[in-house]
Amino acid sequence: MIKKALSTFLLILLASASFHSQAQEDMDIEKIRAMGKQVVADRKKGNCVACHVIEDMEAPGTFGPPLIAMSARYPDKAKLRAQIWDATRRNMLTSMPPFGKHMILTEEEIDWVTEYIYSL
Amino acid sequence: MIRLLTFVSLLLLGTVSAWAQTTDTTPAEDREALRKFFQSKFPDIPLDAYKDGAYIFDPKARAQFEEIEEFPPWEFDVEEGEELFNTPFKNGKTYADCFENGGIGIAQKYPLWDEKRQEVVTLPYAINLCREANGEQPLPYEKSDLLKVQAYMAYTSRGKRIEAPEPTGKALEAYKKGREYYYSKRGQLDMTCANCHLQHAASRLRYELPGPLLGQTTHWPVYRSKWEELGDIQRRYKECNKQVRAKDLPYQAEEYRNLQYYMHLMDVGLEFNGPSSRK
């Protein structure tokens, strides 16, 4: 239900995007990041914190590197998204699940997660 | 699908440069390579310590474990197991009649390749085969007296070393199937056993420590605090498969028996210390 509400919200957001002022856009990106953060923390969704240290999140794991300074390390957001979508393309032996390729997350959720991770 | 060999050899690259594994490596060679892998990763940990699993990486949990083992939660199961073991079947025979040395001090040899049956036989599987051969119903592999009988038999093997003849022919094929299973990616999360138990054996998955492949077969059955009872290694296989959202297999499926056979062969020479407890 939450998911449905969120996607309705996003549709409205997209439909009204052209009328938005800069201030509103900043607010919108904050909302997207918040949704991304939720997916990242949710055990049944991203559960990224099981393997990565992420700012403000409790009980992080250490399988992967801490997710910090991401926009500096991934200036190209598409590369960051690609890493989340299918980490095995860069490293065949990786333990990181291919969230897009195996449909663990929806394309939309991966967009939100990318925005959030990019902001770290 | 990633093959073991790619997996181990890539992981080992740079650490054991002289070693290049191919699918034709023997169990003895695999065992050697695996030990080198852990030794180079954790030079301070002696081989004999691996029987204690993830506790070798976690001194706090280890202290807790040692405290628990002073009044082991599996003690009564062993006592009851001994009684069950010695209680004759309806036909007057007992478990002792089915096993080498009357079933005493032999748990460290399981799972083994059964030449007559042409399949891998684990200890709980052997206990049920014994029951069936004597006209008794087989017991469930979880939450049943079977685990008590297994616990008693394991207890009589404490301190012995894991043993197995080097497999050939069909046994070697079974070994290879188990090995293949271990290093294949599976489940929606697309992980191999090796991702957690080789590559990240000492990493945290939230609070959990996966622990190393080496030494995972030495101490069963295990009293897990989470289960609040004894369970066998295959119960944990099921949980690990669930964790990666992979297909669950029934207890003693051929795949699981072969997998266990592979893991057993990696542990040859380590001390057997079942039954044991884990958090």
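Naming: A, B, ... by sequence-line order, numbering from 1 per chain.
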Quick check on the structure: residues of residues 58-74 of chain A within a heavy-atom distance below 4.5 Å of chain B, by number. A/Glu58, A/Ala59, A/Pro60, A/Gly61, A/Thr62, A/Phe63

Would you tabulate the side-chain donor-acceptor contacts of residues 45-55 of chain B under 3.5 Å, counting partners in other chains and residues two or more places apart, or write 'none'?
| residue | atom | partner | partner atom | Å |
| --- | --- | --- | --- | --- |
| B/Asp48 | OD1 | B/Arg161 | NH1 | 3.0 |
| B/Asp52 | OD2 | B/Arg62 | NH2 | 2.9 |
| B/Tyr55 | OH | B/Lys279 | N | 3.0 |

Distance check, rounded to the nearest 0.5 Å: B/Arg204 atom CZ versus A/Cys51 atom SG? 13.0 Å

B/Glu228 atom CD, over 12 foreign heavy atoms within 6.0 Å: no

Contact summary for A/Val49 and B/Arg206, nearest pair of heavy atoms: CG1-NH2, 3.2 Å

Do you know the tightest heavy-atom contact between A/Met92 and B/Lys185? O-CE, 3.8 Å

Of all heavy-atom pairs between A/Leu93 and B/Asn195, which one has the smallest distance, and what is that distance? O-ND2, 3.0 Å

Where A/Lys45 and B/Arg245 come nearest, the two heavy atoms and their spacing: O-NH2, 4.5 Å

State the NE2-OG distance between B/His200 and A/Ser95, to the nearest 0.5 angstrom. 3.5 Å

Taking only residues two or more places apart in sequence or in another chain, which ones pass side-chain contact (heavy atoms from CB on, under 4.5 Å) with B/Lys247? B/Leu249

Return yes if some donor-acceptor pair links the side-chain N/O of A/His102 with the main-chain N/O of B/Leu189 below 3.5 Å, else return no. no

Can you sort out the partners of B/Gln64 under side-chain contact (heavy atoms from CB on, under 4.5 Å), two or more places apart, ordered by chain and number? none

Counting only heavy atoms not in A/Lys44, do more than 12 sit closer than 6.0 Å to its NZ atom? no

